[in-house]
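See structure below.
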Amino acid sequence: MTTNTLFTPLRLGAITLPNRIIMAPLTRMRAGAENVPTALNATYYAQRASAGLIISEGTAISPQAHGYPSAPGIYTTAQMVGWRAVTDAVHARGGRIVMQIAHNGRNSHSSLLPDGALPVAPSAVPPSLPALTKAFQQVPSEIPRALETAEISGIVATFRQAALNAIEAGFDGVELQGANSHLIEQFLEDGTNQRTDRYGGSKENRVRFLLEIVAAVSTAIGSDRLGVRLSPFGQYGGIHDSSPQALFTFIIKALNQHRLAYLHLIEARGSEIGLTDELHQDALNNAALFRPVFDGPLLSAAAYSPESAAQAIEKQHADAIAFGRLFIANPDLPKRIQFGLPLTAYDRATFYGGDAHGYTDYPFYNKPAAVSA
Ligand SMILES: Cc1cc2nc3c(=O)[nH]c(=O)nc-3n(C[C@H](O)[C@H](O)[C@H](O)COP(=O)(O)O)c2cc1C
């Protein structure tokens, strides 16, 4: 089959894409000191500028929001200057880039947080995954501190400021990390949210935190520059909800009122990174399930091949497809897909942390030299 459907333009709010191949947000843990992006990070993103849109790695909105060592932030001037070099490099190559703004909540460790404070969460429920310390050591997760009601408006304001900082640093928009068991999803799902105030209990209350952030960020930068990422049915870090389909239908209907640039859904099985296409075949298809519920452009991610991506567009399950691991190993992924060129395999050992190896040294496709007779 052809992959032509991936190579038609698409409008996401204020951003127009030349193709429908998106670079998924990918935490690579290679920021510099003080969580400042480096020249190496700029090279990595610039190499991938032929994507229809680049979504940056999850970027901490505040010192309290960190969850991984050597991950970048967007709350200091130095970080904004570092990111400006990234956005300039991507734009110079004709690309587009939005920042994924994130608060990790309970998925963190006190060694990463100011004054060794405990990670925060809606309720004192620890994740089922080990944590990674500042020194990249795996340790058992700590029991997070439940946020006081009075603290929550401050976190909403921090998301708003992070979005403004991202725009000032040259990003074309922002994506809210509402997926993969981060703080927003911890509020959404009743397995992690056991609050009894206006942010817990009914689904209306659990969705309040997300909707307050969406409203605050939209007012600051325009909802046509805001996307939201969600992972319905995902169970990363042990997160779960007692009735996910009803919950996510409710959330997506509420988001319709904000006229977002896009909604970005992760396929359920793919939230637990590393699953194969075979497993993906059996998973409930979030894009197909929620396409009729959402009014705006829909991005779908997880375990896509070029062929299944083109099929999803053809069937109108999604408007664009985000690729994660394939973009790690193939900086020129759109060209490889368009011309049916072989794909380089990714090396999982170099996903997180380290240097240029496994980061900026994956090859661009070069036509093999003709073999002379
Ligand atoms: C190394 C790595 C880092 C990731 N970091 C993030 C992240 O920062 N934010 C996020 O929302 N998802 C993150 N993900 C999930 C990806 O965006 C994507 O949903 C997942 O890899 C499945 O897509 P794929 O099968 O095309 O790789 C990460 C995945 C990988 C492999």
Side-chain angles (χ1 to χ4, degrees), residues 6 20-31 35 37 41 44-45 48 51 53-61 65-74 97-105 107-108 129 132 174-185 227-237 239 262-281 283 286-287 299-309 312 318 320-330 333 337 343-354 358-359 362:
L6 294 169
R20 292 159 187 252
I21 298 171
I22 313 271
M23 178 174 165
L26 293 161
T27 292
R28 305 299 309 276
M29 304 185 206
R30 285 167 166 89
N35 312 94
N41 303 146
Y44 162 77
Y45 282 110
R48 289 155 180 79
L53 178 69
I54 295 173
I55 304 171
S56 83
E57 62 208 277
T59 301
I61 59 165
H66 281 284
Y68 299 103
S70 301
I74 184 68
I97 181 167
V98 298
M99 170 178 277
Q100 188 183 64
I101 52 174
H103 191 310
N104 283 272
N107 294 339
S108 185
L129 280 178
L132 209 49
V174 302
E175 175 178 285
L176 274 187
Q177 170 56 297
N180 288 351
S181 189
H182 283 59
L183 184 65
I184 292 174
E185 195 179 41
V228 172
R229 194 172 213 216
L230 299 173
S231 48
F233 303 98
Q235 297 189 354
Y236 188 70
I239 200 154
Y262 66 85
L263 174 67
H264 186 178
L265 295 180
I266 309 180
E267 288 304 328
R269 305 301 294 269
S271 299
E272 288 134 88
I273 294 152
L275 297 175
T276 64
D277 282 348
E278 290 74 48
L279 280 168
H280 183 63
Q281 300 302 322
N286 279 332
L299 276 48
S300 177
Y304 280 99
S305 64
E307 293 74 24
S308 65
I321 303 298
F323 294 90
R325 290 163 294 174
L326 292 185
F327 248 121
I328 288 178
N330 297 275
L333 184 63
I337 294 177
L343 297 175
T344 302
Y346 50 79
D347 172 16
R348 190 176 298 279
T350 53
F351 277 0
Y352 302 112
Y359 189 56
Y362 281 108

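Positions are given from 1 along the sequence. Whatever order the structure lists ligands and atoms in, that order sets their numbers, starting from 1.
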Interfacing atoms of ligand 1 (cut-off 4.0 Å, heavy-atom, R325) | 24 (P), 25 (O), 26 (O), 27 (O), 31 (C)
To the nearest 0.5 Å, what is the distance between CD (Q177) and CD1 (I61)?
-> 11.5 Å
Under 3.5 Å, N or O to N or O, is Q177 touching ligand 1 that way?
-> yes
Just which atoms of ligand 1 are under 4.0 Å from any heavy atom in Q100?
-> 7 (C), 8 (O), 9 (N), 10 (C), 11 (O)
Does any N/O atom on Y352 come nearer than 3.5 Å to any N/O atom on ligand 1?
-> no
Contacts of A60 meeting side chain to side chain contact (heavy atoms under 4.5 Å, CB included) (sequence neighbours excluded), chain-then-number -> A65, H66, Y75
What's the spacing between I55 CD1 and R229 CZ if we round to 0.5 Å?
-> 6.5 Å
Nearest 0.5 Å please: distance from the CG atom of N107 over to the CG atom of N180.
-> 9.5 Å
Check: P25 N/O within less than 3.5 Å of ligand 1 N/O | yes
Interatomic distance, CD@E267 vs OH@Y304, rounded to 0.5 Å, equals 4.5 Å
Which of the atoms in ligand 1, numbered in the order shown and given with their element, are less than 4.0 Å from a heavy-atom of G58?
-> 8 (O)
Between G324 and ligand 1, does any nitrogen or oxygen pair lie at a separation below 3.5 Å?
-> yes
Consider every N or O of A322 and every N or O of ligand 1, then say whether any pair is closer than 3.5 Å.
-> no
Kindly say whether Q100 contributes a backbone atom to a donor-acceptor pair with the side chain of S56 at under 3.5 angstrom?
-> yes
Look at the aromatic rings of Y44 and Y359 and report parallel, tilted or perpendicular, splitting at 30° and 60°.
-> parallel
Does the N or O separation between A303 and ligand 1 drop below 3.5 Å for any pair?
-> yes
To atom 15 (C) of ligand 1, the nearest of R229, E267, H182 on a heavy-atom basis is R229
Looking at A24, which atoms of ligand 1 are within less than 4.0 Å of one of its heavy atoms?
-> 17 (O)
Should R30 and N41 be marked as a side-chain contact (heavy atoms from CB on, under 4.5 Å) after you check the CA-CA gap, both sets of side-chain angles, and the distance that decides it?
-> CA-CA 7 Å; R30 285 167 166 89; N41 303 146; 4.0 Å; yes
Hey, what do you get for CG (D347) to OH (Y362), rounding to the nearest 0.5 Å?
-> 5.0 Å
Close-contact set for ligand 1 against F351 heavy atoms, below 4.0 Å | 1 (C), 31 (C)
Could you list the atoms of ligand 1 found under 4.0 angstrom from a heavy atom of A302?
-> 22 (C), 23 (O), 25 (O)
Nearest heavy atom to atom 4 (C) of ligand 1 wins, so pick from I22, L326, T27.
-> T27
State the atoms of ligand 1, each with its element, that fall below the 4.0 Å cut-off from a heavy-atom position in F323.
-> 26 (O)
L343: what forms a side chain to side chain contact (heavy atoms under 4.5 Å, CB included) with it, not counting sequence neighbours?
-> P306, L326, N330, L333, R336
